[in-house]
2 protein chains.
Amino acid sequence: MAETTAHNHDHVAGWAEYAAGRIKAAGHRRSSARDEVLAVIAAQECAITARDISSELARNGSEVGIATVYRALELLESMKLVQRVEVGQGVARFEPSMPDGDHHHHLVCETCEELVPFEDEGLERAIDRLAGKLDLKITGHDIVLHGQCSNCAN
Amino acid sequence: MAETTAHNHDHVAGWAEYAAGRIKAAGHRRSSARDEVLAVIAAQECAITARDISSELARNGSEVGIATVYRALELLESMKLVQRVEVGQGVARFEPSMPDGDHHHHLVCETCEELVPFEDEGLERAIDRLAGKLDLKITGHDIVLHGQCSNCAN
DNA sequence: GTGAATGCAAACTCTTTGCATGACT
DNA sequence: AGTCATGCAAAGAGTTTGCATTCAC
């Protein structure tokens with residue numbers, strides 16, 4: 001499992017365009033504010049907060065307000081174009097979600113609070129098996145590991 | 001849902017006393033406010049919010065303020081006497097944690113938002129195996145399933 | 001008596017919403 | 001032109017903090 005981290009940009013390539021298309025197709029108008037938000041989300045490595053997006057926009061001279069960021073995220077989440085990730089810091093994080101259902105989870109570094117994505121087939125299988133055993137309908141799952149990232153482990 | 005409730009109290013039996021002892025041993029003073037919070041936490045079935053605790057206290061005629069509830073929870077969490085559980089509703093939930101490391105996770109019903117606890121050995125094993133594979137130090141994990149509880153499944 | 005714990009209220013953070021203005025089709 | 005989308009500011013929810021008072025030791 002050495003390839004746990006190196007993958008993100010590939011999956012996300014074209015996400016902004018894809019999302020813009022889906023949004024248009026769903027009957028929503030195209031706007032530069034939304035495009036800017038899409039661009040920032042697409043460029044990120046891992047799940048980011050609304051505030052992250054907003055400051056990144058501000059840093060680029062954009063005048064998009066934070067309310068618009070939240071509204072864009074709300075729309076994107078409702079269309080399953082982003083996935084909301086909460087890791088217990090009291091803030092919601094979001095990351096692009098592609099239709100191919102690329103599936104990963106996160107480790108939260110207890111020292112620097114950074115998020116490290118990982119994926120594991122064994123874990124997904126264990127969840128599938130569990131879903132069969134429980135007599136509950138399971139539609140999704142989130143797994144959050146707590147620990148130390150490679151930077152902070154030393 | 002008479003089934004799911006029955007087993008929890010066994011695990012939690014004596015938790016309030018145990019926690020009170022640990023708190024005392026750590027050099028903190030004993031107070032009736034803290035005792036009342038401990039009692040409410042011990043009596044709960046699943047992870048509850050600070051507000052839940054506060055209203056339960058109020059219902060019993062207690063005058064413990066919500067700030068005290070938060071401060072008690074902060075202390076308890078720092079001593080690992082409670083575990084914080086966040087399931088993406090924007091609220092922190094807490095549940096008693098025993099030293100024997102009784103370990104369960106939660107399903108969040110997408111319809112009624114209720115929490116259903118579950119445990120699964122296979123899942124725990126998958127996480128242990130994963131911990132071996134990743135070159136990250138893993139100290140804990142949270143798993144949240146999304147789906148329908150037995151009440152809402154119909 | 002001393003200092004920790006409490007209660008209240010104010011402050012803070014994250015998120016949502018109302019409303020007038022501006023922009024896309 | 002008709003709406004949808006935006007930006008601002010205000011409102012809400014959850015949580016934390018400052019400070020005077022109370023209470024445990």
Side-chain angles (χ1 to χ4, degrees), chain A residues 19-41 47-58 60-79 81-94 113, chain B residues 19-41 47-58 60-79 81-82 84-94 113 115:
Chain A
R22 289 270 319 272
I23 288 171
K24 183 81 176 292
H28 297 280
R29 294 183 178 171
R30 179 153 207 179
S31 77
S32 60
R34 222 135 52 185
D35 282 351
E36 291 172 50
V37 173
L38 291 182
V40 172
I41 296 175
I48 57 176
T49 67
R51 171 177 271 273
D52 290 337
I53 296 172
S54 189
S55 354
E56 179 65 13
L57 288 171
N60 298 355
S62 166
E63 312 228 313
V64 173
I66 187 111
T68 297
V69 173
Y70 276 107
R71 283 189 274 236
L73 288 170
E74 183 188 12
L75 175 63
L76 290 166
E77 188 188 8
S78 76
M79 300 185 65
L81 291 167
V82 298
Q83 199 195 341
R84 177 190 295 250
V85 175
E86 308 205 19
V87 294
Q89 309 166 144
V91 246
R93 293 178 168 271
F94 302 85
E113 303 239 301
Chain B
R22 288 271 318 273
I23 289 171
K24 184 82 177 292
H28 298 281
R29 295 181 179 175
R30 179 155 206 179
S31 78
S32 59
R34 218 129 63 178
D35 282 351
E36 291 172 49
V37 173
L38 291 182
V40 172
I41 296 175
I48 57 176
T49 67
R51 171 178 271 271
D52 291 338
I53 297 172
S54 190
S55 355
E56 179 65 12
L57 288 170
N60 298 354
S62 165
E63 313 227 314
V64 174
I66 188 115
T68 298
V69 172
Y70 277 107
R71 282 188 275 234
L73 288 170
E74 183 188 12
L75 175 62
L76 289 166
E77 188 188 7
S78 77
M79 299 184 67
L81 291 167
V82 298
R84 177 190 295 249
V85 175
E86 307 204 19
V87 294
Q89 308 165 145
V91 243
R93 294 177 167 271
F94 302 85
E113 304 238 302
L115 256 58

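Here the structure is a predicted model, which means the values were calculated and not measured. Sequence lines set the chain letters: A, B, ... in the order given, protein chains first and strands last, and positions in each chain run from 1.
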Exercise for the section: Let me know the distance between CD of A:Glu86 and P of C:dT13, rounded to the nearest Å. Expected result: 19 Å
Practice task
Could I get the full list of side chain to side chain donor-acceptor pair (under 3.5 Å) partners for B:Asp35, not counting sequence neighbours?
Solution key: B:Arg30
Practice task
List in chain and number order the residues that pass side chain to side chain contact (heavy atoms under 4.5 Å, CB included) with A:Ser55, two or more places apart in sequence or in another chain; answer none if no residue qualifies.
Solution key: A:Arg51
Practice task
Under 4.0 Å from any heavy atom of chain B: name the first and the last nucleotide of DNA chain D that qualifies, 5' to 3'.
Solution key: D:dG14 to D:dC25
Fill in the blank from the handout: The side chain to side chain contact (heavy atoms under 4.5 Å, CB included) partners of B:Glu77 (sequence neighbours excluded) come to B:Val82, B:Arg84, B:Phe94
Problem - Closest-nucleotide 5' rank along DNA chain D - winner of B:Arg84 and A:Gly27 - result: A:Gly27
Exercise for the section: Check the distance between C:dT15's P and A:Arg93's CZ and give it to me in whole angstrom. Expected result: 10 Å
Exercise for the section: Within residues 65-77 of chain A, find the residues that approach DNA chain C with a heavy atom at under 4.0 Å, and present them sorted by residue number. Expected result: A:Ala67, A:Tyr70, A:Arg71
Handout entry: For DNA chain D, the residues among residues 28-36 of chain A that have a non-hydrogen atom under 4.0 Å from it
Key = A:His28, A:Arg29, A:Ser31, A:Ala33, A:Arg34
Problem - Residues that B:Ala50 engages under side chain to side chain contact (heavy atoms under 4.5 Å, CB included), provided they are two or more places apart - result: B:Val69, B:Tyr70, B:Leu73
Fill in the blank from the handout: For B:Arg29, the side chain to side chain donor-acceptor pair (under 3.5 Å) test, sequence neighbours excluded, returns none
Problem - Gap between atoms CZ and P, on A:Arg51 and C:dT16 respectively (whole Å) - result: 15 Å
Practice task
Output all residues satisfying side chain to side chain contact (heavy atoms under 4.5 Å, CB included) with A:Glu36, sequence neighbours left out; order by chain, then residue number.
Solution key: A:Ser32, A:Leu57, A:Ser62, A:Val64
Handout entry: side chain to side chain contact (heavy atoms under 4.5 Å, CB included) between A:Leu76 and A:Ile23, intermediate numbers included
Key = CA-CA 8 Å; A:Leu76 290 166; A:Ile23 288 171; 3.8 Å; yes
Completion exercise
Between A:Gly90 and B:Glu86, the two heavy atoms sitting closest are N-OE1, 4.1 Å
Handout entry: Those residues that, when tested against B:Thr49, pass side chain to side chain donor-acceptor pair (under 3.5 Å) (two or more places apart)
Key = B:Asp52
